[in-house]
Amino acid sequence: MRWSRTLIPTLKETPAEAEIVSHKLLLRAGLVRKLTGGLYTFLPLGLRALRKVEQIVREEMNRAGALELLMPALQPPEIWQQSGRYETAQEVLYKVRDRAKKEWVLGPTHEEVITTLVAGEINSYRQMPKNFYQIQVKFRDEIRPRFGLMRAKEFIMKDAYSFDATDEAAQASYHKMYDAYARIFQRCGLKAIPVEADTGVMGGKFSHEFMVPAAAGENEVAFCDGCGYAANVEKATSAVEKCCDQTIEGEVEKFATPGVVTIEALSQPPYEVPAARQIKTLVYLAASKPVLILLRGDDQLNEAKLTGALGTATFRAAEAEEIFATLGAHPGSLGAVGVTHLPVYADERLRETVEMTTGANADGFHLRHVAIGRDIQVAHWADLRLVRAGEACPKCGKSLKIQRAIEVGHVFKLGTKYSLAMNALFLDESGKQQPAIMGCYGIGVTRTLQAVIEQRHDDNGIIWPISVAPYTVCITPLNTAPESAVMQCAERIYAELTECGVDAILDDRNERPGVKFKDSELVGFPIRVGIGEKSLAKGEVEIKPRGGTLVSLKADEAVEKVLSLIADSAG
RNA sequence: CGGAGCGUAGCUCAGCCUGGCAGAGCACUUGGUUUGGGACCAAGACGUCGCAGGUUCAAAUCCUGUCGCUCCGACCA
């Protein structure tokens, strides 16, 4: 490709809309342009990089035995009603109507479609295992699109769905995908770590997310340097001591605490009750019914864990007025002592604790000498707390670290939720009808592309790995007059590289050298071949790997050198 | 949806407080000089000041409404 013939609208200045570095570089390097919030056009260069990521995904999925197909983005709402997700996923569903006023949905994901297909086509254990995948546009009515391609209303996802006859086989399918994902991200030049993930309302089964560590990430991951334990903080646990070593000193006693409405204030003089000896009482509305949630004063609630404990994701913190109507006191003076009309959920860490202090359900009063069990009836015990950096790893006891990360992939053992709902049944060896056991596996392809930029850049621009670079080599003649020796040399190298199957771009613009160098580094081509009057007078050209050091060599050896650099990186 | 901020040329932004000719830099066009790290000179083209209403002799500027965008929180690949 000749630079002058394609469209690479690089920007010297950063568009005001971009906040994180990868978003800025997507725009500055001329890879994408925004149509409107959460919707982007891929320009020629951005599309080339995207296609390369897709191709890596495709090759590794095929290698793992998955079968590519393509499902409709436009879907009938009936199948969503059948799976029950027409209700539970309604916030993210884009709905459209045709001229007959019939409603349709734009698919945010494809479990319903694939399971409908499989229900019709797979009837015997002999036809399994099967794993179907596609690379397709997804539509999600995101609450807040942000960071360019990172969270968009429309994005490209690779989604795969496995169907197995037995649990062991489903396990094997899962691990195949896990391994394929590790290869995919590695080939994209990404450091992505698999972490244990929360399974949300699906519950029960297991799940891993592939996380790219980055300050701009929207997730937090807890990990242990000692044993390699890594988990999304939504899921992470730590080996904290559960029980305090106190003995009961007396009966519950009410005392006045005028104006004290925070854990912090109660820990100060004159009260001096350590946060660890307080019980924090939260009121949530689960399916519109109030529940009490108890945590140790110095712990934070993990709402993902609460989802699991409540068995529903439709809950929210109650408003102050709702709380007053329920308990007769305002936040800051709440407690569960003597509360029998509401279900009480308590964090495991409070189990058997005594000599605790908590709100009295009367504004301006607290209770001391509170003993869990004796004074508070807990209906459900669960792990509800958020882990914190520095706590002990649940596996090996070393100190946990917490880091932000971008979720680029997710592997999930689904079980039979969809196969039962959509009637994807088969006959097993003994002629018995069984639901297929499913797994689903997603990779955010557009997000992965941006994650590569987020992880691989410097002050001058993107540093593409050869595997996903829009062009591998940028040939930069400093004189573009057609008859000049410099340009003729550039043309020869360009032709030879292209002949060898190398993706090369020839910067034939009549620009000053500085402009060309800056642009090639901003866009981040892995290898630049520079050809100028001075060095060419000595028969030499220059090869500069992006982020590496420049070498001068004979013009005749340039192509060979480039090929060996490419071969090295592939190895 | 709650909180915060911003909408002026393709991009970055000034002008708004205190109403009075719509501006700068970059990018673009033409000519010239330049040519190894985002050049220089000259001439030019480019605007519904987000939109609607109001106040006023006069509104980018003040008021009301509205739409859009960005950031923080809840959703997720």
Side-chain angles (χ1 to χ4, degrees), chain A residues 9-20 23-24 27-28 30 33-39 57 88-93 108-110 135-160 181 192 197-198 200-201 209-212 217-219 232 234 303-304 307 313-317 319 406-412 440-451 460-461 476-481 484 486 509-522 528 530-536 541-542 544 550 552:
Chain A
T10 58
L11 301 171
K12 235 187 273 191
E13 287 174 295
T14 305
E17 72 196 49
E19 205 65 26
I20 66 173
H23 187 195
K24 291 176 183 171
L27 295 165
R28 288 228 294 133
R33 282 294 182 265
K34 183 173 76 170
L35 205 215
T36 181
L39 298 173
V57 169
T88 56
Q90 62 177 329
E91 313 83 47
V92 300
L93 274 184
T109 175
H110 283 74
I135 296 173
Q136 228 254 24
V137 171
K138 305 292 185 204
F139 298 90
R140 291 190 189 170
D141 188 356
E142 286 291 341
I143 301 167
R144 180 152 85 88
R146 62 176 136 180
F147 301 153
L149 306 177
M150 206 63 96
R151 176 175 299 282
K153 291 176 172 163
E154 179 186 319
F155 60 97
I156 295 174
M157 178 166 155
K158 185 286 300 175
D159 48 325
Y181 275 32
D198 179 57
V201 255
E209 290 163 337
F210 284 76
M211 293 288 199
V212 175
E218 298 185 86
N219 295 84
N232 193 310
E234 292 178 344
E303 293 202 344
T307 301
T314 55
F315 61 78
R316 63 173 174 86
E319 310 273 342
I406 300 163
E407 181 187 356
V408 288
H410 198 161
V411 292
F412 202 107
C440 71
Y441 317 93
I443 289 179
V445 178
T446 38
R447 179 183 286 181
T448 297
L449 182 69
Q450 186 166 347
N460 293 318
T476 310
L478 300 185
N479 178 346
T480 54
S484 69
V486 166
R509 297 173 300 167
N510 182 22
E511 286 287 354
R512 297 167 61 82
V515 172
K516 294 185 162 197
F517 292 148
K518 285 289 185 189
D519 269 351
S520 80
E521 280 161 18
L522 174 58
R528 185 177 72 215
I531 305 155
E533 308 269 357
K534 287 180 206 159
S535 47
L536 194 60
V541 298
E542 290 156 358
K544 168 106 170 41
L550 183 146
S552 292

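Basis for what follows: all heavy atoms, side chains included, without hydrogens, waters or symmetry-related copies. Keep in mind that what you see is a predicted model, and the values were worked out from it rather than measured.
Contacts of A:Glu303 with the nucleic acid, taken as non-hydrogen atoms under 4.0 Å apart, are absent. A:Arg33 comes within 4.0 angstrom of no nucleic acid atom, judged by non-hydrogen atoms across all strands. Among the protein residues, A:Val515 comes within range of the nucleic acid bases, having at least one heavy atom under 4.0 Å from a base atom. At a threshold of 4.0 angstrom between heavy atoms, the contacts of A:Ala197 with the nucleic acid are absent. Using a 4.0 Å heavy-atom cutoff across all strands shown, A:Phe210 reaches no nucleic acid atom at all. Among the protein residues, A:Asp141 comes within range of no part of the nucleic acid, since none of its heavy atoms lies under 4.0 Å from any strand. Counting non-hydrogen atoms under 4.0 angstrom, A:Glu209 reaches nothing in the nucleic acid. Residue contacts for A:Leu522: at a heavy-atom cut-off of 4.0 Å it reaches a base atom on one of the strands shown. A:Gly409 comes within contact range of the sugar-phosphate backbone alone, with a heavy-atom separation under 4.0 Å but no base atom that close. Within the 4.0 angstrom heavy-atom criterion, only backbone atoms of the sugar-phosphate kind lie near A:Lys34; the bases stay farther away.
Comparing B:U55 with B:G2, their P atoms are spaced 31 Å from each other, to the whole Å. A distance of about 22 Å separates the C1' atoms of B:C72 and B:A77, rounded to the whole Å.
Side-chain contact between A:Lys518 and A:Asn460: present, with at least one pair of heavy atoms (C-beta onward) separated by less than 4.5 Å.
Between the base of B:U70 and the side chain of A:Arg146 there is no donor-acceptor pair shorter than 3.5 Å. Remark: the A:Glu521 side chain and the B:G37 base include a donor-acceptor N/O pair separated by less than 3.5 Å. Below the 3.5 angstrom threshold, one finds no donor paired with an acceptor across the side chain of A:Thr36 and the base of B:G68.
The nucleotide whose nearest atom lies closest to any side-chain atom of A:Leu478 is, among B:C75, B:C72, B:G36, B:G36.
Rounding to whole angstrom units, CZ of residue A:Arg512 and C1' of B:A39 are separated by 4 Å. A:Gln136 places its CD atom 16 Å from the P atom of B:A77, with the value rounded to the nearest Å. In this entry the distance linking CZ of A:Arg151 with C1' of B:A74 reads 11 Å, nearest Å. Computed from coordinates, the A:Ile143 CD1 to B:A77 P distance equals 13 Å when rounded to whole Å.
Within the shown strands, B:G23 is the pairing partner of B:C13 under the Watson-Crick or G-U definition, both distances less than 3.5 Å. If you check B:A60 for Watson-Crick or wobble pairing at under 3.5 angstrom, you find it has no partner at all. Across all strands shown, B:U34 forms no Watson-Crick or G-U wobble pair with both distances under 3.5 Å. As the counterpart of B:C1, B:G73 is assigned, both hydrogen-bonding distances of the Watson-Crick or G-U wobble pattern falling under 3.5 Å. Across all strands shown, the partner of B:G65 is B:C51, judged by Watson-Crick or G-U wobble contacts whose two distances both fall under 3.5 Å.
With sequence neighbours left out, A:Lys34 forms a salt bridge (Lys or Arg N to Asp or Glu O under 4.0 Å) with A:Glu17. Take A:Arg146 and apply the side chain to side chain contact (heavy atoms under 4.5 Å, CB included) test, not counting sequence neighbours, and it matches A:Arg144, A:Arg151, A:Glu218.
For the OP1/OP2 pair of B:C75 and a distance below 4.0 Å, the side-chain nitrogens and oxygens of A:Arg144 include no atom meeting the criterion. Not one side-chain nitrogen or oxygen of A:Lys516 sits closer than 4.0 Å to the OP1 or OP2 atom of B:G38. Residue A:Lys12 places none of its side-chain N or O atoms closer than 4.0 Å to OP1 or OP2 of B:G25.
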Any chance you could list the contact pattern along nucleotides 5-13 of chain B? Use B for base contacts, S for sugar-phosphate-only contacts and - for none, protein heavy atoms under 4.0 Å, 5' to 3'. ------BSS

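When each of A:Ile406, A:Ile156, A:Val212 is paired with A:Arg447, the side-chain contact (heavy atoms from CB on, under 4.5 Å) condition holds for A:Ile406 and for no other.
Each of A:Gly38 and A:Glu407 lies near RNA chain B, and the nucleotide nearest A:Gly38 is the one positioned closer to the 5' end. Remark on RNA chain B: of its neighbouring residues A:Phe517 and A:Arg140, the 5'-side contact belongs to A:Phe517, judged by nearest-heavy-atom nucleotide.
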